[in-house]
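Below is one structure, written out as structure tokens, with a few remarks after it.
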Amino acid sequence: MNILLIKQTSLGDVVHATASIRSVRMAHPDALITVLTSTTASDILRNNPDIDHLLTFDRYRVKSDWWRRPLWTLGHFARTFSAVRRPYFDLAIDLQGSWKTVIFLWAARSARRYAKGRWWFVECFHQPMAHAIDEMNGVLELAGIKSCQSVPILSIDRHAAETVSSALKKLTNLERPIALLCPFTRWPTKNWPISKFLALAEQLAEDFQVVFTGSSTDRPQIEEAIAEIPSVPAVNLAGRLSLLEFFALAARSKVVVAGDSLPMHVASAFDRPLVSLFGPTNEFLVGPRNDTAKMVRAAVDCQRCYRRRRCPRACIDKITVDEVCTAVRSVLEQ
């Protein structure tokens, strides 16, 4: 059996999709499974044992450069369409359900097509108030595939793990377990204040080696914040790790504290003790489902407004350091 699965963004959503990909593999253990994803998310799936063939589409470069490089953009679309149309698929499934992905579903040569959302000419599953993994599994069930995985799955790249081990030996006190703090997300409204992360780091430093991570643009702000607490030997690895190296670091951490972001999903995939902090998004739709995870939301009448830039209520700011410390103790006891 030849199967096409489509899931391009975002990084956390692609991590979620690994649960559905596992369900497809379990239902069709001898199938040839091809996955079309975005270039930026390809590392998430590159070592996935459930995938036989990985196709990539550089959607972010298309979005930013289409007007500067229209010929390259047309050529990239043509090459991707050709790669999708070349084989005949017994089954084609779009786990994302946006027009930017469903065009490839329509282009695929397959008698059976299924998609998330509401689209013409394909069978669809639309339940936006279900958890993201459950909604993708609902699409699978239309195709006769029973879901058998409710949490995401990631694997460790051996070379990345060795690189992280080498870096940690130089920078940290390995006699203590790692508390991994991930203060920044893609949305400002989902960021718990860095000052509170510092206060949390001070309380954890007695028992843990505190490590901060983030992107290269986050690094200066984290560096400045750490300088304010010289008594705490925290390490700033923001911008210093590849995606696969971050996976290796998360997998060996004793506890992870993060907002609604990729680190939260990665910690869930490795079943690490996790405290996830929620503000404008709905934890029941995207939050971790592991027994080793605890979701924290401020005790306010939060409307889950999904505003990216500015939230007039600033709900996530109202989460206290004591609440997070209590949650950390709770997941460690579990």
Side-chain angles (χ1 to χ4, degrees), residues 2-22 24-25 31-110 112-122 124-125 132-133 135-136 139-140 143 152-155 157 186 215 242-244 246-247 261-262 265-266 269:
N2 203 7
I3 300 174
L4 172 67
L5 304 175
I6 302 172
K7 185 66 176 180
Q8 293 188 13
T9 60
S10 60
L11 297 182
D13 292 341
V14 174
V15 173
H16 270 159
T18 59
S20 298
I21 294 171
R22 171 58 56 88
V24 175
R25 174 54 73 196
L32 181 68
I33 297 178
T34 299
V35 176
L36 173 61
T37 191
S38 65
T39 305
T40 52
S42 60
D43 278 348
I44 295 174
L45 303 177
R46 197 173 305 282
N47 298 319
N48 191 309
D50 298 323
I51 298 172
D52 298 295
H53 189 203
L54 190 63
L55 301 176
T56 59
F57 177 70
D58 200 344
R59 60 180 292 162
Y60 290 110
R61 187 175 177 187
V62 167
K63 182 179 180 180
S64 63
D65 288 358
W66 68 267
W67 60 278
R68 295 191 197 96
R69 304 184 63 190
L71 293 180
W72 175 87
T73 299
L74 291 173
H76 188 52
F77 266 106
R79 288 188 294 273
T80 308
F81 279 128
S82 177
V84 169
R85 288 193 59 78
R86 191 175 300 120
Y88 178 83
F89 294 103
D90 301 287
L91 180 62
I93 302 175
D94 181 1
L95 295 172
Q96 185 148 353
S98 74
W99 71 265
K100 298 174 184 177
T101 57
V102 80
I103 57 175
F104 296 110
L105 179 68
W106 284 330
R109 293 191 300 131
S110 177
R112 300 172 62 201
R113 296 185 181 92
Y114 303 90
K116 189 179 82 169
R118 291 173 176 166
W119 300 98
W120 296 338
F121 312 121
V122 294
C124 298
F125 182 86
I133 294 176
E135 191 172 20
M136 286 188 284
V139 182
L140 298 185
I153 305 169
L154 292 174
S155 57
D157 178 83
R186 292 174 59 196
S215 68
S242 69
L243 192 58
L244 293 179
F246 173 74
F247 288 1
S261 59
L262 175 66
H265 301 300
V266 172

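Values reported hereafter were calculated over all heavy atoms of this structure, with side chains retained and with hydrogens, waters and symmetry mates removed.
- Annotation: Arg68, atom CZ; neighbour count of heavy atoms from other residues, nucleotides and ligands within 6.0 Å is above 12.
- Shown here is Phe121, whose CZ atom has no more than 12 heavy atoms of other residues, nucleotides or ligands within 6.0 Å.
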>> Could you go through Phe125 and Leu140, starting from their C-alpha distance and side-chain angles, then the distance that decides it, and tell me whether this counts as side chain to side chain contact (heavy atoms under 4.5 Å, CB included)?
In response: CA-CA 9 Å; Phe125 182 86; Leu140 298 185; over 6 Å; no
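- Rounded to the nearest 0.5 angstrom, Asp90 CG and Leu4 CG are separated by 11.5 Å.
- Evaluation of the ring-ring contact (aromatic ring centres under 6.0 Å, His included) test over residues 37-58, restricted to residues two or more places apart or in two chains, returns Phe57-His76, Phe57-Phe77, Phe57-Phe104.
- Shown here are the side-chain contact (heavy atoms from CB on, under 4.5 Å) partners of Thr39, two or more places apart in sequence or in another chain: Thr56, Asp58.
- Heavy-atom minimum distance, Asn2 versus Leu32: OD1-O, 3.2 Å.
- The structure places CD1 of Ile51 at 4.5 Å from CG of Leu45, a figure rounded to the nearest 0.5 Å.
- Put simply, CZ on Arg186 and OG on Ser261 are 10.5 Å apart, with the number rounded to the nearest 0.5 Å.
- To the nearest 0.5 angstrom, Ser110 atom OG is 5.5 Å from Tyr88 atom OH.
- Side-chain contact between Val266 and Phe246: present, with at least one pair of heavy atoms (C-beta onward) separated by less than 4.5 Å.
- The local environment of CZ in Arg112 is crowded, with over 12 non-hydrogen atoms from other residues, nucleotides or ligands closer than 6.0 Å.
- For the pair Ile44 and Phe247, the minimum side-chain heavy-atom distance is below 4.5 Å.
- Distance alone, capped at 3.5 Å, places no donor-acceptor pair between the Arg25 side chain and the Ser20 backbone.
- The two residues Leu243 and Thr40 have their closest heavy-atom pair at CD2-O, 4.4 Å.
- Annotation: side chain of Leu36 is in contact with side chain of Val84 (closest heavy-atom distance under 4.5 Å).
- Between Lys100 and Gln8 the shortest heavy-atom distance is O-NE2, 4.0 Å.
- The shortest non-hydrogen separation linking Ala31 to Asp52 is O-OD2, 3.2 Å.
- Nearest heavy-atom pair, Lys7 versus Leu95, reported as atom, atom and distance to 0.1 Å: NZ-O, 3.5 Å.
- Environment of CH2 in Trp66: sparse, with no more than 12 heavy atoms of neighbouring residues, nucleotides or ligands closer than 6.0 Å.
- Looking at Arg113, its side chain never comes within 3.5 Å of a backbone N or O of Val122 through a donor-acceptor pair.
- Atom CG of Asp94 is separated from atom CH2 of Trp99 by 13.0 Å, given to the nearest 0.5 angstrom.
- Exactly one residue among Thr101, Thr37, Thr9 makes a side-chain hydrogen bond (donor to acceptor under 3.5 Å, both in side chains) with Gln96. That residue is Thr9.
- Taking the side chain as every heavy atom from C-beta outward, Leu55 and Val35 never approach each other to under 4.5 Å.
- Side-chain contact check for Ser155 and Asn47: no donor-acceptor pair (N or O, by modelled atom type) lies under 3.5 Å.
- In this structure, Thr34 and Pro87 have side chains that are not in contact, with every pair of non-hydrogen atoms separated by 4.5 Å or more.
- Interatomic distance, Ile33 CD1 to Leu54 CG, rounded to the nearest 0.5 Å: 12.5 Å.
- Across all their heavy atoms, Gly12 and Leu262 have their closest contact at N-CD1, 4.0 Å.
- Trp119 places a side-chain N or O within 3.5 Å of a backbone atom of Gly97 that can act as its donor or acceptor partner.
- Between the side chains of Ser82 and Arg86, at least one donor-acceptor pair of N or O atoms lies under 3.5 Å.
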